Amino acid sequence: MSLKRILALASGGAGDASALAFAASLAGQHDGVAEVLPVYPDSAADMIALGMTLGASLSPEAVEELAAAERALQARVEDAARRAANEADVVYGAGEGAPRLTVSTRGLRPALALSRQAALADLVVIAQKGLEDGSVRELLGQALLADRAPVLVARGDPERLAGPAAIAWDGSPQAGRAVRAALPLLAMASSIHVLQCVTGLDRQSGDPDIDALNAYLRLHGVGAGEPTLVEGADEGPALLAMVKAREAGLLVAGAWGHSRLRETIFGGATRAFLGQTYGPSLLLAH
């Protein structure tokens, strides 16, 4: 069990440092390659397209200013990636061999680039702080719902992944995919807690048998998790309270197990998990 190809999203903002630190650390521990995908907007192309739509054109000077701003964002991403690679003691830059961290050049639209790269990525890493950017939040939804890629929402220090981990287990297909994707991270954890909110179980859409989950974990050499039953009318906060009590640095959960529209209207556990800015890192899958 290992993470050989990790994709980290970077927008040139303050959240990049966390995503890149996690990606570089995981690449080092798993002898893998972390590729940084710049997802900042292509302002020059957008403005040119807008001008064509409106029947106007931008001056060469304006286009150059926009291009210069884009180059500055690319340089900012590369500088942050270089620092993350140095701190994790992995090789920085394109080339053969691993562990390694590389940075792609911003080319395709971020959504298209993400779909192409996520197809063969073991994990997509997005920083919690990066989700303050609306476009990055959209990419999170795309990665989970359209590309069906497991996503790690990075929070705090990567070293917390070596501490206790928690699994929010309801037996749903989404939770199962999250557990399968999280096996390399669960193998790193000092202990595993299997949390189940008994008041929010849907036994028609999945089998919430904790013994079956633990048998699967043992087959993969991860070791069984300690079952903990939780009660609460609001599933998300109830589970998060137990995660905090167990001092878990990682929470593994299915994302949007109910319809996304329903969760948008009524809240849902996924929204609660993502709303905990300073909580554990999240491994989500849909």
Side-chain angles (χ1 to χ4, degrees), residues 1 123-124 126 128 140-141 143-153 155 161 163-189 191-220 222-276 279-286:
M1 296 178 295
L123 187 66
V124 176
I126 300 176
Q128 173 69 44
L140 169 68
L144 289 169
L145 297 173
D147 301 326
R148 289 296 179 92
V151 175
L152 178 68
V153 180
R155 295 171 175 159
L161 296 179
I167 300 172
W169 182 246
D170 60 4
S172 67
Q174 293 83 0
R177 283 189 282 270
V179 168
R180 295 198 300 273
L183 286 173
L185 299 180
L186 293 172
M188 296 166 50
S191 61
I192 300 173
H193 302 275
V194 180
L195 311 182
Q196 191 170 84
C197 186
V198 295
T199 52
L201 291 178
D202 180 1
R203 298 182 183 276
Q204 293 184 340
S205 62
D207 180 5
D209 185 3
I210 294 178
D211 289 339
L213 170 62
N214 277 333
Y216 176 80
L217 295 177
R218 283 192 293 266
L219 281 173
H220 284 275
V222 171
E226 177 188 344
T228 303
L229 301 182
V230 179
E231 294 186 3
D234 201 338
E235 180 182 9
L239 289 169
L240 285 170
M242 189 57 64
V243 170
K244 182 177 180 180
R246 296 293 186 265
E247 299 182 340
L250 174 69
L251 173 60
V252 178
W256 294 304
H258 302 293
S259 75
R260 192 175 182 188
L261 175 61
R262 175 181 167 186
E263 293 215 2
T264 298
I265 296 172
F266 297 107
T270 306
R271 175 182 287 187
F273 295 158
L274 289 170
Q276 290 292 305
S281 292
L282 294 173
L283 190 292
L284 299 175
H286 178 72

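Computed from a predicted structure; not experimentally measured.
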Tell me, do [X] and [Y] make a side-chain contact under 4.5 Å, heavy atoms counted?
X	Y	result
I167	L195	no
V153	L283	no
L123	V151	no
L284	Q174	no

* Asked: In chain order, what residues pass the side chain to side chain contact (heavy atoms under 4.5 Å, CB included) check against A241, with sequence neighbours excluded?
  ->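 Applying side chain to side chain contact (heavy atoms under 4.5 Å, CB included) to A241 gives none.
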* Asked: Under the side chain to side chain contact (heavy atoms under 4.5 Å, CB included) test, which residues partner A165, sequence neighbours left out?
  ->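 Only L186, A189, L250 meet the side chain to side chain contact (heavy atoms under 4.5 Å, CB included) criterion with A165.
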Using atom types as modelled and distance alone, determine if a side-chain donor or acceptor of [X] lies under 3.5 Å from a backbone N or O of [Y].
X	Y	value
E231	C197	no
D209	D211	yes
R155	P280	yes
H286	A255	yes
Q196	W169	yes

* Asked: Taking atom CG of L152 and atom CG of L161, what is their separation to the nearest 0.5 Å?
  ->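 Going from the CG atom of L152 to the CG atom of L161 covers 6.5 Å.
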* Asked: Going from CG on L251 to OG on S281, what distance comes out if it is rounded to the nearest 0.5 angstrom?
  ->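 The distance works out to 10.0 Å.
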* Check G225 against L217 and note the closest heavy-atom contact, atom names and distance. =>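 Closest approach of G225 to L217, heavy atoms only: N-CD1, 4.3 Å.
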* To do: Looking only at non-hydrogen atoms, find the nearest pair between V243 and A166 and report the distance.
  =>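 Answer, listing the atom of V243 first, then A166: CG2-CB, 4.1 Å.
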* Residues that N214 engages under side-chain hydrogen bond (donor to acceptor under 3.5 Å, both in side chains), provided they are two or more places apart ->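 With neighbours one apart ignored, the set is empty.
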* side-chain contact (heavy atoms from CB on, under 4.5 Å) evaluation trace for L282 with V252 -> CA-CA 6 Å; L282 294 173; V252 178; over 6 Å; no
* After noting the C-alpha distance and the side-chain angles of L239 and F273, does the key distance pass the side-chain contact (heavy atoms from CB on, under 4.5 Å) rule? -> CA-CA 9 Å; L239 289 169; F273 295 158; 3.9 Å; yes
* side-chain contact (heavy atoms from CB on, under 4.5 Å) between K244 and L240, intermediate numbers included -> CA-CA 6 Å; K244 182 177 180 180; L240 285 170; over 6 Å; no
